[in-house]
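Input: a single structure, listed below in structure tokens.
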Amino acid sequence: MLAELDDIERSALEALTAVDGTEGLETWRIAWLGSKGELKALMPRLKDVPKDEKPATGKRLNALKSALEAAFDERRTQLAAVAPVGPAVDVTEPGLPTGRGARHVLSRTIDDVREVFARMGFVHTEGPEVEDEWHNFTALNIPAEHPARDPIDNFFMGDTEGARTLLRTQTSTVQIRVMERRSPPLKIIASGRVYRPDTHDATHYSMFHQCEGLCVDRGITMVDLKTALFQFARAFFGPEAEVRMRPGYFPFTEPSAEIDMKMQVKGEWTWVELGGCGMVHPNVLRSVGIDPEEFSGYAFGLGIERIAMRRYGIPDLRWLFDNDARFLNQF
Ligand code: DAH
């Protein structure tokens, strides 16, 4: 039997060397050292060994068991070193502080503008960024042959249910959407993105934000428009802020004006051009089924980036969209 035990040891150790993973290791342990394993099966045979050979055979059996157990432990250590289960993590290490996020400077500017107009009774609303030509042009009194419709100045998208769609070039589209759904009196503010195929530089980008106002009721005049803009300027930029209106042209307003607001730029009060405004053109009211003899209205559109850039002294428009944390962290 002693010779047989030598053979068994050799086979067991050979099998163990061939083991190359945790699963194989466990299978080997069960086969050789388990309660129904090879080693256990040898024990009952001890009683058949001639009496004078018994002590030596017993001793050899014990040695075999110890040898296999030791070999098993060693192989297990080797395998653990070769194939670590995952990265070593010290769970007692103090954690790294996570950075605190903040609202984007443009989102904050939009919130602030909305907040001031909300206090003046303007209800906030939004419209889709993909528009049809009716809402972006036709209903706004921009005729079919108008240069503003030139493909070079628009992101046309294709046809939806027979109508050509485009990324809206102005939030004035929301005026139409609101007037189509509801009748006067109306007093709304709409903010959002608009798109124009411009080459990106310090003052141009192919996407930017506007804030649009619309007020329609009986007896609305230019005085109400100027009052609303004046109140906004004072509340938003400070008590010394002023509004200046210069004659302008927009197809959807008559008369039309360009809006300048006096705001503090690096401590100095400066006139900054912020957008356009005017009295809603009778054709626009007619296009949405509102009688211009009965109702009148004013509208305005402000550029959000302009406000934010001047307010915070940001010299380059592109910084607002680069998502460079070094820039964003300053707000
Ligand atoms: N939609 C114009 C633009 O994008 C801005 C504008 C001008 C809006 C006059 C208005 C308005 O509501 O009355 O340049």
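Indexing begins at 1, ligand by ligand and atom by atom, following the structure's order.
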Just by modelled atom types, is the Phe156 backbone N or O under 3.5 Å from a matching donor or acceptor in the Asn154 side chain?
no
Looking at Ser206, is its backbone amide N or carbonyl O close enough to the side chain of His200 to form a donor-acceptor pair, meaning the two atoms are under 3.5 Å apart?
yes
By number and element, which atoms of ligand 1 are closer than 4.0 Å to a non-hydrogen atom of Gln175?
12 (O)
Identify the protein heavy atom lying closest to atom 1 (N) of ligand 1, giving its residue, its atom name and the separation to 0.1 Å.
Gln170 OE1, 2.7 Å
In terms of its nearest heavy atom to atom 4 (O) of ligand 1, the top option of Glu254, Arg196, His281 is Arg196
Within the supplied structure, the quantity of interest is the number of heavy atoms (other residues, nucleotides, ligands) at a distance under 6.0 Å from Lys40 NZ; does it exceed 12?
no
Which atoms of ligand 1 sit under 4.0 Å from any heavy atom of Ala299?
12 (O), 13 (O)
Please could you name the atoms of ligand 1 that Thr253 approaches to less than 4.0 Å, counting only its heavy atoms?
13 (O)
Would Arg168 pass as a cation-pi partner of Tyr195, given that its NZ or CZ must be under 6.0 Å from the six-membered ring centre and within 45 degrees of the axis?
no
Which of the atoms in ligand 1, numbered in the order shown and given with their element, are less than 4.0 Å from a heavy-atom of Cys277?
7 (C), 9 (C), 11 (C), 13 (O)
Before you tell me yes or no, could you show the steps for Val91 and Val89 under side chain to side chain contact (heavy atoms under 4.5 Å, CB included), namely the whole-Å CA-CA distance, both residues' side-chain angles and the distance that decides it to 0.1 Å?
CA-CA 6 Å; Val91 292; Val89 173; 4.2 Å; yes
Show me which atoms of ligand 1 lie under 4.0 Å from any heavy atom of Gln210.
3 (C), 4 (O)
Hey, is ligand 1 close enough to Glu212 that some N/O pair sits below 3.5 Å?
yes
Residue portion contacting ligand 1 (non-hydrogen atoms closer than 4.0 Å) for Tyr298:
neither
Quick one: look up the protein heavy atom nearest atom 11 (C) of ligand 1 and list residue, atom name and how far away it is.
Phe252 CE1, 3.6 Å
Checking contacts here: is it the side chain or the backbone of Glu258 that comes within 4.0 Å of ligand 1, counting heavy atoms only? Could be both or neither.
neither
Could you tell me if Arg311 sits above the aromatic ring of Phe236, with its cationic atom closer than 6.0 Å to the ring centre and no more than 45 degrees from the axis?
yes
Would a distance-only check, ignoring hydrogens and angles, find a side-chain to backbone donor-acceptor pair under 3.5 Å from Asp224 to Thr221?
yes
Check ligand 1 against Gly278 and write out every atom of the ligand that is under 4.0 Å from a heavy-atom position of the residue.
13 (O)
Can you tell me how the ring of Tyr312 sits relative to the ring of Phe331, calling it parallel under 30°, perpendicular over 60° and tilted otherwise?
perpendicular
Give the ring-plane orientation class for Phe122 versus Phe300, where under 30° counts as parallel, over 60° as perpendicular and anything between as tilted.
perpendicular
Ligand-side contact atoms (ligand 1) for residue partner Ser172, heavy atom cut-off under 4.0 Å:
1 (N), 8 (C)
